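Some notes on the structure that comes next.
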Protein chains: 2
Amino acid sequence: MKNCEELTFPKEIKRTKQREEIFRILSEETEPVSAVDIYNRLIQTCGNSNFAISTVYRALGIFEEKGYVSKSTLMGGDMAYYEWNFGTHKHYAICLKCHKLIALKKCPFEHTKIETENDDFVITGHKLELYGYCKECRVEGEDI
Amino acid sequence: MKNCEELTFPKEIKRTKQREEIFRILSEETEPVSAVDIYNRLIQTCGNSNFAISTVYRALGIFEEKGYVSKSTLMGGDMAYYEWNFGTHKHYAICLKCHKLIALKKCPFEHTKIETENDDFVITGHKLELYGYCKECRVEGEDI
DNA sequence: CTTACTGCAAAGGATTTGCAGACTA
DNA sequence: TAGTCTGCAAATCCTTTGCAGTAAG
C-alpha cells in the first residue's frame, strides 16, 4: 500500500530531527492526518517530551509551501488534514456515520473537461469529496 | 441573478426577528458567506447592537440541520461558509490569487457515475472545488 | 403561560506567533 | 559562526456553551 520506496526527504528543505520524523510519519501514512495526529505519534514514538505542536504546524507549512504536502479540510472541517503528495492525487468518499475514508479508484476528472461560467478560468487543481454511507453503516443503519 | 422570488421563511422553523434578518441576508446572497460576514451585515443594517454572533451561529445551525443551508469550508478552510440551498446545488472555481469565486455552469457529476474502491459505498452528496487562476489574475500574473 | 430563543460573557479547540535558547550547515 | 529552527507559553481566530432574561405561539 505504501509507495514510499524511493521517497526521500526533500533536498531543498533544511533537515532537522523533528522534520525528519514528521516526514517519516507522513510518508508512511496512506490517509490524511491532522497536525494533532502527527503530534501524538511523535510523542508516542520519540518519548513524551522534545516536541511542540507548533513545530508540527511549522513543518507542515513548509512542506505544503514547497508542494510536498497538501492540506485539506474534510467534512464540515473542524481541523485541517495533511497528506504527502505521492505524485498521484487521491479523492475520498467519506462515510457520514462512521467518518471512515474510502479512496476512489481513480480521479473522475482524468478525462473530463470542466467548464466554468465564462471559460476564463485556468484550472490547476481540484478537490473532490463524496459523502454517503459505507457498507457497514448502510447495513446496520436504517435511519438513512 | 437572485432566484428568490418565491422564497419564504421556512414554516417549520420558529420565526424571530433575528432569524428573519439572517434568512434575508442568505436569500439575497448569491455566494457563500461566513457567519462573521452575516454578523457584520446585521449590525450594519440593523444598528450596532441587538445582535450576537452566537445567534448567527445558532440560526445557521438550525437552517443547516433542516436542510435549508449548506455549510462548507472552501480553500484551506480557516472558517466555514454558508449558503442558502436554492434547489440547484453549485460548485465553484476559486482563484488562487484573488480568491474570487466563479460558479460552474453545471455540476460535472450530473450524469457521471463515480466508483469507490470497492463499490460498497452509497453516495448521497459530494463537494467539488476547482483551483486555478481567473482571467484577471492570469493576465497580469506571469508568476503562475 | 410555556417553551424556545436571545445576548452576554466565558470557554473551547485549532492554529499562529514572539522570544530566547539550540541546532544545522 | 550565522542563520534557521525549536520549545514554550501566550495570543488569535472561529465557534460553542451556560445562564438568566426575553420573546413567540
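Labels below follow one simple rule: chain letters A, B, ... track the order of the sequence lines, proteins then strands, and each chain is numbered from 1. All values reported here derive from a predicted model rather than from experimental measurement.
The distance between atom CD of A:Glu21 and atom P of D:dC5, rounded to the nearest whole Å, is 18 Å. Per the geometry, NZ belonging to B:Lys71 stands 10 Å off C1' belonging to D:dC14, to the nearest Å. Put simply, OH on B:Tyr39 is 14 Å from C1' on D:dT15, counting in whole angstrom units. As a whole-Å value, the separation of B:Ile53 CD1 from C:dG12 C1' is 16 Å. Here the P atom of nucleotide C:dT6 and the CD1 atom of B:Ile38 are 13 Å apart, to the nearest Å. If you measure from atom CG of A:Leu60 to atom P of D:dC5, you get 14 Å, rounded to the nearest angstrom. Distance CD1 (A:Ile43) to C1' (D:dC8): 15 Å, rounded to an integer number of Å. Counting to the nearest Å, the P atom of D:dT6 and the CD atom of A:Glu20 are 11 Å from each other.
Under 4.0 angstrom from either OP1 or OP2 of C:dT6 there lies at least one side-chain N or O belonging to B:Thr16. Under 4.0 angstrom from either OP1 or OP2 of C:dG7 there lies at least one side-chain N or O belonging to B:Gln18. In this model, the phosphate group of C:dC23 is not approached by any side-chain N or O of A:Arg15 to a distance below 4.0 Å at OP1 or OP2. Residue A:Tyr57 has no polar side-chain atom (N or O) positioned under 4.0 Å from OP1 or OP2 of C:dT16. Neither OP1 nor OP2 of D:dC5 sits under 4.0 Å from any side-chain N or O of A:Arg58.
Contact annotation for A:Ser34: no contact, since no heavy-atom pair falls under 4.0 Å across all strands.
Judged purely by distance below 3.5 Å, without hydrogens or angles, the side chains of B:Tyr81 and B:Glu83 never pair a donor atom with an acceptor atom.
Atoms CG and SG, from B:Leu101 and B:Cys134 in turn, are 10.5 Å apart once rounded to the nearest 0.5 Å.
A:Ile102 places none of its side-chain heavy atoms less than 4.5 Å from the side chain of A:Cys95. Using a 4.5 Å heavy-atom threshold, the side chains of A:Ile13 and A:Tyr68 count as touching.
A donor and an acceptor atom sit less than 3.5 Å apart, one in the side chain of B:Ser54 and one in the base of C:dC8.
For A:Ala52, the listed nucleotide lying nearest its side chain is D:dG7; candidates were C:dA25, D:dG7, D:dA24. In the set C:dT24, D:dT6, C:dT15, the nucleotide with an atom closest to the side chain of A:Lys14 is C:dT24.
B:Phe23 and B:Phe63 have tilted rings, their planes meeting at an angle from 30° to 60° on a 0 to 90° scale.
Of the residues near DNA chain D, B:Val36 and B:Lys17, the one whose nearest nucleotide (by heavy atom distance) lies more toward the 5' end is B:Val36.
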